[in-house]
Amino acid sequence: AAKKSKLNSYKLFSPAMERASFKHFELQNDLRKAIHSDEFELYYQPKVRSHTRQIVGAEALIRWNHPTRGIVSPGEFIPLAEESGLIVPLGEWVLENVCKQIRKWEAKGYPAIVVSLNFSALQMLQKGLVDTVEAILDEHNVAGESIEIEITESLILNDDSDLLKKLEQLRELGIRIAIDDFGTGYSSLSYLTKYKFNTIKLDRSFIHDIHTSPDNQAIIKFIIQLSNQLKMKVVAEGVELEEQLAHLVEMNCDEIQGFLFSKPLPVGQFERLL
Ligand code: C2E
Ligand code: MG
Ligand code: MG
Ligand code: MG
């Protein structure tokens, strides 16, 4: 049977697909080495209060400085890291580095900000996740209140009591939990009450035409009101234009993240904004 499927696969693969799968294979291999050869770097994108434009937080976003390909975006390699399970040690690396960075900013006397980081579904589903997070925070002497974990709704589709329990335990450590990319995929209002997120991040596909689409305005306005009722903070992602910001300010959206203020920046450049 194995032979047969191999033969079939030869017929099915076009040269372009073969090149794509070779690249996939190569990146997968390189990824394994990258974590040991220090090729990852965290960029930080500011989150600002919409009314005052004051920086109140940052999202840590991983970048891979590939030795020959240059910077590879997380959109490309995070799925590969999930596929191989490498996302688990990589996620720990991210948390470690966020903690170190928080301590450095503290030592340099910068005002305290909450740093958000993304956890993938596979990471959240790990057995010892909460213990690992607690150990890393302790090791670096960082308070849970200093960080926020962003998760996406793909995780919620796997809905189970284990996830609810983990989120509860993370919150007991003082860590905030955000639902990322809200409004994409299978967003359901019912899980907003079930999971008690601290923050809801409106996906940038919503924000994109907020200034031209009365329908999207109505939806966003509704979600913001609902979030306020449920005591969640609202962050709008992908704000690129003053017009978009104006609508969000009027709707009382709490925080803004987007190219209008800044792209994700390497640490040195981010510090200049602080
Ligand atoms: P995300 O968590 O939704 O992060 C926001 C993404 O939107 C970032 O892309 C950011 O650069 C981009 N963005 C922010 N403002 C704007 C804007 O005004 N316009 C446009 N066009 N884009 C904007 P990035 O850094 O390429 O990250 C993509 C995704 O990769 C993230 O989406 C997140 O899901 C994932 N990711 C990034 N870092 C990590 C990580 O450390 N761990 C995990 N598990 N996933 C990560
Ligand atoms: Mg995010
Ligand atoms: Mg997002
Ligand atoms: Mg995303």
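When a ligand or atom number is given, it counts from 1 through the structure's own listing order. Here the structure is a predicted model, which is why all the values come from computation and not from measurement. Scope of the values below: all heavy atoms of this structure, side chains included, with no hydrogens, waters or symmetry mates.
If you look at I78 next to ligand 1, the close heavy atoms, those under 4.0 Å, all belong to the side chain. When heavy-atom distances to ligand 1 are checked against a 4.0 Å cut-off, D180 comes that close only through its side chain, counted from C-beta outward. Here L117 has no heavy atoms under 4.0 Å from ligand 1, in either its backbone or its side chain. Contacts between R204 and ligand 1, counted as non-hydrogen atom pairs separated by less than 4.0 Å, involve the side chain only. If you look at K201 next to ligand 1, there are no close heavy atoms at all, none under 4.0 Å.
Salt bridge R53/E242: present, at least one basic N to carboxylate O contact under 4.0 Å. Note on E271 versus K108: salt bridge recorded, some NZ/NE/NH1/NH2 to OD/OE distance being below 4.0 Å. A salt bridge is absent between K165 and D162: the closest approach of a Lys/Arg side-chain nitrogen to an acidic carboxylate oxygen does not fall below 4.0 angstrom.
Residue E59 counts as close to the Mg ion (ligand 2), with an N, O or S atom under 2.8 Å. For residue D203, no N/O/S atom approaches the Mg ion (ligand 3) to within less than 2.8 Å. Among the backbone and side-chain atoms of S116, none of the N, O or S atoms lies under 2.8 Å from the Mg ion (ligand 2). Among the backbone and side-chain atoms of D181, none of the N, O or S atoms lies under 2.8 Å from the Mg ion (ligand 2).
Here the straight-line distance linking atom CG of D180 with atom OG1 of T199 works out to 10.5 Å at 0.5 Å rounding.
Ring geometry for F40 against F77 counts as tilted: the plane angle lies between 30° and 60°, on a 0 to 90° scale. Relative ring orientation between F182 and Y191 is described as perpendicular, the plane-to-plane angle rising above 60° on a 0-90° scale split at 30° and 60°.
No heavy atom of S73 sits closer than 4.0 Å to any atom of ligand 1. Taking 4.0 Å as the cut-off, E59 counts as a neighbour of ligand 1 on heavy-atom distance. R63 counts as a contact of ligand 1, since one of its heavy atoms falls under 4.0 Å from the ligand. Note on ligand 1: V94 sits in its first shell, one or more heavy atoms being nearer than 4.0 Å.
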message: Let's go through F270 and Y110 carefully: what are the C-alpha distance in whole Å and the side-chain angles of both, what is the deciding distance for ring pair (Phe, Tyr, Trp, His ring centres under 6.0 Å) to 0.1 Å, and is it a yes or a no?
response: CA-CA 12 Å; F270 179 78; Y110 289 116; 8.6 Å; no
- prompt: Going through the distances and angles, do K201 and E59 end up as a salt bridge (Lys or Arg N to Asp or Glu O under 4.0 Å)?
  reply: CA-CA 12 Å; K201 295 190 78 179; E59 178 172 7; 2.8 Å; yes
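When you scan the N, O or S atoms of E150 for the one nearest the Mg ion (ligand 2), you land on OE1. D180 contributes OD1 as its N, O or S atom closest to the Mg ion (ligand 3).
Of the possible polar contacts, none joining the R63 side chain to the V72 backbone as a donor-acceptor pair under 3.5 Å is found. Within the 3.5 Å criterion, the main-chain N or O of I177 finds a donor-acceptor partner in the side chain of N198. Under the 3.5 Å distance criterion, the side-chain polar atoms of E255 are left unmatched by any main-chain donor or acceptor of V48. With hydrogens and angles ignored, the 3.5 Å screen pairs a side-chain donor or acceptor of Q45 with a backbone N or O of S262.
Polar contact check, I62 against ligand 1: a nitrogen or oxygen pair lies under 3.5 Å apart. The shortest N or O to N or O distance between Q123 and ligand 1 is not under 3.5 Å.
Every atom of ligand 1 with a heavy atom of Q45 under 4.0 Å away is listed here by number and element: 14 (C), 15 (N). Interface of E240 with ligand 1, defined as ligand atoms under 4.0 Å from a residue heavy atom, comprises 17 (C), 18 (O), 19 (N), 20 (C), 21 (N). Counting atoms of ligand 1 from 1 in the listed order, those under 4.0 Å from a heavy atom of G258 are 15 (N), 18 (O). Atoms of ligand 1 lying under 4.0 Å from at least one heavy atom of S120, given by number and element, are 44 (N). Residue contact check: P74 has heavy atoms under 4.0 Å from atoms 24 (P), 25 (O), 26 (O), 27 (O), 28 (C), 30 (O), 36 (N), 37 (C) of ligand 1. Residue-ligand proximity, P264 to ligand 1, at heavy-atom distances under 4.0 Å covers atoms 11 (O).
Note on residues 80-101: pairs passing side-chain hydrogen bond (donor to acceptor under 3.5 Å, both in side chains), not counting sequence neighbours, are H24-E83, Q28-E83, Q28-S84, E82-S120, E96-H140.
With F119, F259, W93, F77 as candidates, the residue nearest to atom 22 (N) of ligand 1 on a non-hydrogen basis is F259.
No continuous path of ILVMFWY side-chain contacts below 4.5 Å connects F259 to V56, so the two sit in separate hydrophobic clusters.
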